[in-house]
Amino acid sequence: MVQYKIPVIPGDGIGPEIIAEGRKVLDTAGEVYGFDIEWIEYPHGADHYLKTGELLSEDTLKELSGYDAIYLGSVGDPRVPPGVLEQGILLAARFYFDQYINLRPVKLLKGVETPLKDKKSEDIDFVVVRENTEDLYIGAGGRALAGRSSGTAEIVRNLYQVKFDLDIETDADEIAYQIGLISKRGTERVIRYAFELARAQKKHLSSVDKANVMADIYGFWREIFTSVADEYPDVDTDFNFVDAICMWFVKNPEWFDVLVTPNMFGDIITDLGAMIQGGLGLAPGGNINPDGVSMFEPIHGSAPKHRGENKVNPIATIWAGAMLIEELGERDAAHAIVDAIEENLLDGRVKTYDLGGSSSTTDVGDDIAGRLHG
Ligand code: IPM
Ligand code: MN
């Protein structure tokens, strides 16, 4: 029997409840498809941070590098200032493991209602490849008061290091600034990944940017996209401004197959994507390093107000679990899980409140796991 060891970080809020259902379904898939998962639990999140002051330490990150994939619930808690857990755990892992792909399928499963009038499951079926380590997410910024001051920022990545030394002079009372950066290799690799995906599916690839305004950074993105496109003459491409993408997602989602986007715009358009696929409760994501440690999670947050209520939808997390085992090579099991999710939705009897039902988180996990036994 194949053995997998998977570190799991349930995290905050509803994280532990949804992760429990994800584990249940993956364990059941293992029984049916002949693999066994040993779960290695990590306590990281708000409670652990408040108790110990630790977010994700260098030691923990090193330990986690011994595995192929991490299963993450959600982080974020009102007892901790906004951003601390998100940056110290989620972004720390994305950057440390150089998970440069954030893969987010936007697929309206059968049996789910979309808020888009007259759109069907065949109309909403695409995948967003979001760059996941650069852009406005690098954490380089600061504030300055009137007069002369200095600022510094240092970015350390596997691919490169960058240091900004800023000499600031202003007569404004106070300013704040945030630097966005993309690198040639960092951009090439995510665009190439998206082209490979588009080619494998004989589909077209849409690039997202705002090159009409932020010409330096996204003009560079376009230039790199164009030069990578030369290697894929068989893939049709188009460029889109991010504001227009939001319009087309609503008006003509059937146009899209694969999209590739810088980090910040990818964050925004995938929440829109989640809504057109039926809601945040149904949207999974994978933070992928094709040659390293990847991490799978629902794209929604920790919904602290529902913590402990056994109420929220575990499907995004279960689907993220399917993406995880697919990454480990268990394709059949992964597809069977997505099929089981779809059967549950089509059947429509066991569903959580967000889908108009009154079943519990646990009920939905049990129902989906039960369908794997056929
Ligand atoms: C997401 C989330 C994160 C992001 C936050 C929690 C840092 O919104 O995964 O989309 O902005 O990437
Ligand atoms: Mn987001």
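Both ligands and their constituent atoms are indexed starting at 1 by order of listing.
At a 4.0 Å heavy-atom cut-off, ligand 1 does not touch Thr270 at all. Under 4.0 angstrom from ligand 1, there are no non-hydrogen atoms of His300.
Residue Arg94 approaches ligand 1 through these ligand atoms, each under 4.0 Å from one of its heavy atoms: 1 (C), 4 (C), 9 (O), 12 (O).
The shortest side-chain heavy-atom distance between Leu159 and Tyr100 does not fall under the 4.5 Å cut-off.
Gln99 places a side-chain N or O within donor-acceptor distance of the main-chain N or O of Val293, the cut-off being under 3.5 Å.
Between Arg148 and Asp167, at least one side-chain N (NZ, or NE/NH1/NH2) sits under 4.0 Å from a carboxylate O, which counts as a salt bridge. Salt bridge Lys24/Glu21: present, at least one basic N to carboxylate O contact under 4.0 Å.
Counting only heavy atoms of the protein, atom 5 (C) of ligand 1 lies nearest to Leu90 CD2, 4.1 Å. In this structure, atom 8 (O) of ligand 1 lies nearest to the protein heavy atom Asp267 OD1, 3.3 Å. Looking only at heavy atoms of the protein, atom 11 (O) of ligand 1 is closest to Tyr137 OH, 2.5 Å.
Put simply, no part of Met264 is less than 4.0 Å from ligand 1, judged by heavy atoms. Look at Gln87 and you'll find every heavy atom at least 4.0 Å from all atoms of ligand 1.
Summarising the geometry, atom CZ belonging to Arg157 is positioned 7.0 Å from atom CD belonging to Glu134; distances are rounded to the nearest 0.5 Å. Note: Trp248 CH2 to Leu259 CG = 14.0 Å, rounded to the nearest 0.5 Å.
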Inset, instruction - Report the C-alpha distance between Thr152 and Asp165 in whole Å, list the side-chain angles of each, state the deciding distance to 0.1 Å, and finish with yes or no for side chain to side chain donor-acceptor pair (under 3.5 Å). - result: CA-CA 5 Å; Thr152 57; Asp165 267 315; 5.3 Å; no

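Ranked by closest heavy atom to atom 1 (C) of ligand 1, the top entry among Glu86, Glu297, Arg104 is Arg104.
At under 3.5 Å, a nitrogen or oxygen of Arg130, whether backbone or side chain, sits near a nitrogen or oxygen of ligand 1.
The same ILVMFWY cluster, assembled from side-chain heavy atoms under 4.5 Å apart, contains both Phe256 and Leu282.
Within Asp267, the N/O/S atom positioned nearest the Mn ion (ligand 2) carries the name OD1.
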